[in-house]
Student: 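Quick one: the structure is below, and I'll ask about it shortly.
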Amino acid sequence: MYLRVSVTDRCNLRCTYCLPEDARFAPSRATAEELDRLMAAVCASAPVTKIRLTGGEPTICPSLLQHIRTAAWLVPTVGMTTNGVALERLLPELRNAGLTRLNISLDAADADGFRRAARHDHFMAVLASIRAARRTGFTPLKLNAVATMDTDPAALARLAIAEGAHLRFIELMDIGIAHADWSERHITAEVLRERLASAGLAITEDSDRDEPTSRVWTVDGVDPSATTLGFITTVTNPFCATCDRIRLTSQGRLHTCLFDERGTDLLPLLRAGNLAGLDIAIRRAIGAKAPPLRFQRSGMMAGIGG
Ligand code: SAM
């Protein structure tokens, strides 16, 4: 199984589909030690082989390195999803702590588009992080772009090709504040591919390269070991049948689906020292993992980590 851990719900960006400018965050969280113990408890009760740290923004979590070390001790593959703003100077330490995979979110290929999407001027910092990540040995490197009607997929694809990174377009999901204008902003993977074709990028589906959550295409004339394009079609073609993801939040709740609003509160069991109860609660939650009744979530994405 694949465990995603949201180490903080706080973020240094305010992407328009994710967090309002005056975002309110959870008043309390599990301590760093509690979060590590919960990660270990989940790994003891379920066959987890991969952990990804996410957020909010994981690079602003003071205990990030500690969580990476714990995750690296628990499983062979430790990844992180970050917006890349504060990443560059942390890269060597992250690598030494045991981080093996890196996904950097980037919704636009230029500074103006970045500001419109993220409400901050950090495009150059993210670009510098992408380049430094490759130099630090994070290859293959993945870029994640949430697609909206404003997205220029060809510009992003050309940036990914120039930087030697793989690009994954994520269909905008009806989660948190994205709900307000979701029907106007959402764009399907199919329309994105039409936009790529009209911009002169010839792409070919390569289902041998498909991943559990994305359909992968190669770009004619581009080495697929360096750059592929993927489409995460949670809206138009969900991948529940191959989903083995579970999620732990910084409040200590375990969610077995991105659209599972309630989750299971593990913290009281840990705080009471009820380790047998913790094991039962984790196994019970995972045993009940099922596709959602509807692909909608009112709670904010930053709380559950994407
Ligand atoms: N701050 C980190 C980042 O930006 O990558 C990690 C947390 S962020 C919540 C994880 C991923 O969720 C990002 O790729 C983000 O763009 C994506 N995301 C946030 N809201 C979304 C939505 N409504 N639909 C689809 N993806 C979304």
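Whatever order the structure lists them in is the order used to number ligands and atoms, beginning at 1. Fair warning: this is a prediction, and the values are worked out from it, not measured in the lab.
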Student: To check your reading of the model: name the closest protein heavy atom to atom 17 (C) of ligand 1, its residue, and the distance in Å.
Tutor: Val146 CG2, 3.8 Å
Student: Could you tell me which atoms of ligand 1, counted from 1 in the order shown, lie closer than 4.0 angstrom to a heavy atom of Glu171?
Tutor: 25 (C)
Student: Kindly compute the distance separating CG (Leu3) from CG (Leu254), expressed to the nearest 0.5 Å.
Tutor: 7.5 Å
Student: Between Leu278 and Leu38, which heavy-atom pair has the shortest distance, and what is it?
Tutor: CD1-CD2, 4.1 Å
Student: Just going by heavy-atom distances, which of Cys18, Ser105, Gly306, Ser6 is nearest to atom 13 (C) of ligand 1?
Tutor: Ser105
Student: When you look for heavy atoms under 4.0 Å from ligand 1, do you find them on the side chain of Asn83, its backbone, both, or neither?
Tutor: both
Student: Tell me which protein heavy atom sits closest to atom 8 (S) of ligand 1, plus the residue, atom name and distance to 0.1 Å.
Tutor: Gly55 O, 4.4 Å
Student: Keeping Thr228 on the side-chain end and Pro224 on the backbone end, is there a donor-acceptor pair under 3.5 Å?
Tutor: no
Student: If you compare all heavy atoms of Thr148 against all heavy atoms of Arg195, which two are closest, and at what distance to 0.1 Å?
Tutor: O-NH1, 4.3 Å
Student: I'd like to know if the side chain of Arg116 reaches the main chain of Thr16, judged simply by a donor and an acceptor atom lying under 3.5 Å from each other, with no hydrogens or angles considered.
Tutor: no
Student: Donor-acceptor pair, Trp182 side chain versus Leu172 backbone, under 3.5 Å?
Tutor: yes
Student: Give the numbers and elements of all ligand 1 atoms closer than 4.0 Å to a heavy atom of Thr54.
Tutor: 6 (C), 7 (C)
Student: What is the nearest protein non-hydrogen atom to atom 2 (C) of ligand 1, stated with its residue, atom name and distance?
Tutor: Glu57 OE1, 3.3 Å
Student: Would you please classify the geometry between the Phe259 ring and the Phe295 ring as parallel, tilted or perpendicular, with 30° and 60° separating the classes?
Tutor: perpendicular
Student: Is any side-chain N of the basic residue among Lys142 and Glu211 closer than 4.0 Å to the acidic one's carboxylate O?
Tutor: yes
Student: Looking only at protein heavy atoms, which one is nearest to atom 10 (C) of ligand 1, and how far off is it?
Tutor: Gly305 O, 3.7 Å
Student: Decide, yes or no, whether a salt bridge links Glu163 with Arg131 under the criterion of side-chain N to carboxylate O below 4.0 Å.
Tutor: yes
Student: I need the nearest protein heavy-atom contact for atom 27 (C) of ligand 1: residue, atom name and distance, please.
Tutor: Met301 CE, 3.5 Å
Student: Just going by heavy-atom distances, which of Arg52, Met80, Met173, Arg4 is nearest to atom 25 (C) of ligand 1?
Tutor: Met173
Student: Output the list of atoms in ligand 1 that are nearer than 4.0 Å to some heavy atom of Ala178, sorted by atom number.
Tutor: 23 (N)
Student: Report yes if some N/O of Gly56 lies less than 3.5 Å from some N/O of ligand 1; otherwise report no.
Tutor: yes
Student: Quick one: look at Thr82 and ligand 1, take heavy-atom pairs under 4.0 Å, and tell me if it's side chain, backbone, both or neither.
Tutor: backbone
